Structures are given as structure tokens and as C-alpha cells.
Amino acid sequence: MLNRRMFCGCASLAAFAALSATAARAQGTECAVFTPARQKEVSPDEAIARLKAGNERFLSGKSVNCNLIEQVKETAKGQAPFAAIVGCIDSRVPPELVFDQRIGDVFCARIAGNFVNTDIVGSLEFATKIAGARAIVVLGHSECGAIKGAVDDVRLGNLTAALAKIRPAVDATRTDGDRTAGNSAFVQAVAVTNARLAAGKLLEESPLMKDLVGQNQLRVVPAMHDVATGKVTFLA
Ligand SMILES: [Zn+2]
């Protein structure tokens with residue numbers, strides 16, 4: 001609790017929970033914001049299931065319509081998101097939209113090519129160990145420009161160093177065709193490899209999160225978003 005107060009400014013968790021309960025009654029349960037108590041009730045498997053259900057709502061055009069300003073008020077004193085997503089900066093893959101989530105539901109770390117470095121690992125340690133998120137999804141996507149850039153070894157300003165972080169996925173992916181961005185099957189395969197490697201790296205580089213997984217407090221799952229359909233396919 002000490003850490004949560006330090007990082008989140010949760011001066012009064014009880015008041016926060018009471019306010020949220022009142023607002024949830026006003027808005028309906030599907031619009032209830034996550035409180036520490038509610039977050040605690042969600043298992044890692046249930047957190048993944050919530051994201052899957054959210055993507056199904058998104059695909060069917062049945063995203064939940066909540067009063068977001070009410071949710072802003074309800075979460076003003078603290079946050080307790082149930083999951084975290086590591087995604088690409090691609091404008092077609094906004095995690096909150098494709099998983100049909102709202103204010104205070106999920107942490108999002110976004111970086112071109114959804115790779116993992118020390119800063120991302122540290123951010124996710126905060127999201128899980130300190131703030132209590134129960135699952136992390138590493139969300140790759142089809143037609144990723146960063147993956148294409150890494151495949152073709154593009155060199156441009158600071159992008160060169162960023163794309164170098166994706167090279168291990170390029171090198172680890174086999175193809176009988178050209179190893180160029182013109183080979184769309186290869187680009188897709190590299191994106192899948194990259195999401196899997198990033199999910200693995202999160203735990204390799206974080207004993208903290210590895211312990212949480214060992215205690216069944218956390219799941220880390222790679223997934224792929226299809227920019228042509230909006231569908232997210234979980235890879236584990
Ligand atoms: Zn991308």
C-alpha cells in the first residue's frame with residue numbers, strides 16, 4: 001500500500017471505492033471503473049478473457065458506450081487497471097479501442113515495433129508490481145512499418161537504433177522467399193516472432209515480473225492485431 005500511495009497518490013482508497021461504487025450504480029456495471037478491490041478479484045486468466053471479450057465487442061460494433069467524463073471523475077483519486085498492453089505507435093491499433101476499454105482500465109506502453117527495452121520493462125514493473133495489473137499483452141500487428149523498416153535494415157536518424165531492437169526477430173524468422181519488406185508473408189512472420197520475443201524478454205529481464213507469474217499473479221501473452229479486420233489473435 002505504501003508503494004501504491006507513493007506512485008498513485010491514492011490518499012483514500014476507501015473514499016475512492018465508495019465514489020466508484022456510487023458512480024457504477026449511476027452508469028451501469030459495464031461502466032464501473034476499476035478499483036483496487038475489483039482489480040484484486042480479477043485473475044490473470046480473467047484479465048486476458050476480458051480483453052478477448054472486449055475485442056469481440058469491438059469487432060461486432062457493440063463497444064460499450066460509457067460517460068467518460070464520469071469515469072475521469074471516478075478515477076481522479078487513483079487507478080487500478082486490470083491489464084497492461086505493449087503496443088506499436090501505429091494509428092490503426094489504439095489498444096483502448098480495439099479491446100473496448102475505457103478510462104482507468106488498462107496501462108498502455110506504445111513504441112514503434114512494440115519491442116521491449118529497459119524503459120518499457122521498468123514501466124511494466126510499475127504497472128504490475130506496484131499498480132497491480134494482472135496481465136500484459138504484447139500486441140504486434142500486420143503491415144507494421146517498423147517491422148518492414150527492420151526487415152529492410154532502414155537507417156534514418158534515431159530510427160536506426162530503434163529498428164535495431166527488432167533485428168533479432170528478423171534474424172530468428174525463416175522464409176523460403178525473399179528476406180525483404182516486399183515479402184508480406186515474411187513481414188507478418190517477423191511481426192509474430194517479434195511479439196513472442198518481446199513477451200519473453202519482459203520476463204527474462206524482470207525477476208520482479210517473473211516472480212509474479214510464478215505466484216499466478218500475472219500472465220504475459222503475445223498477440224497479433226490484423227489491421228484489415230480489427231481482430232486480435234492471442235498467441236498463447
Ligand atoms: Zn507497427
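For the single chain, residues carry numbers from 1 onward in sequence order. Just so it is clear, the structure is predicted and the values come from calculations on it, not from any experiment. Order of appearance sets the numbers: ligands from 1, and atoms from 1 within every ligand.
- Shown here are the protein N/O/S atoms lying under 2.8 Å from the Zn ion (ligand 1), water excluded: C88 SG, H141 NE2, C144 SG.
- More than 12 non-hydrogen atoms from other residues, nucleotides or ligands lie less than 6.0 angstrom from CG of L235.
- No side-chain donor-acceptor contact under 3.5 Å links Q39 and R134.
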Audit row: R92, H141, side chain to side chain contact (heavy atoms under 4.5 Å, CB included) steps and yes/no:
CA-CA 9 Å; R92 298 164 294 181; H141 69 96; 4.3 Å; yes
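- The only option from I85, D90, I89, N194 that meets the side chain to side chain contact (heavy atoms under 4.5 Å, CB included) definition with N114 turns out to be N194.
- C88 has its SG atom 2.5 Å or further from the SG atom of C144.
- If you run ring-ring contact (aromatic ring centres under 6.0 Å, His included) between F107 and each of F34, F82, F126, only F126 comes through.
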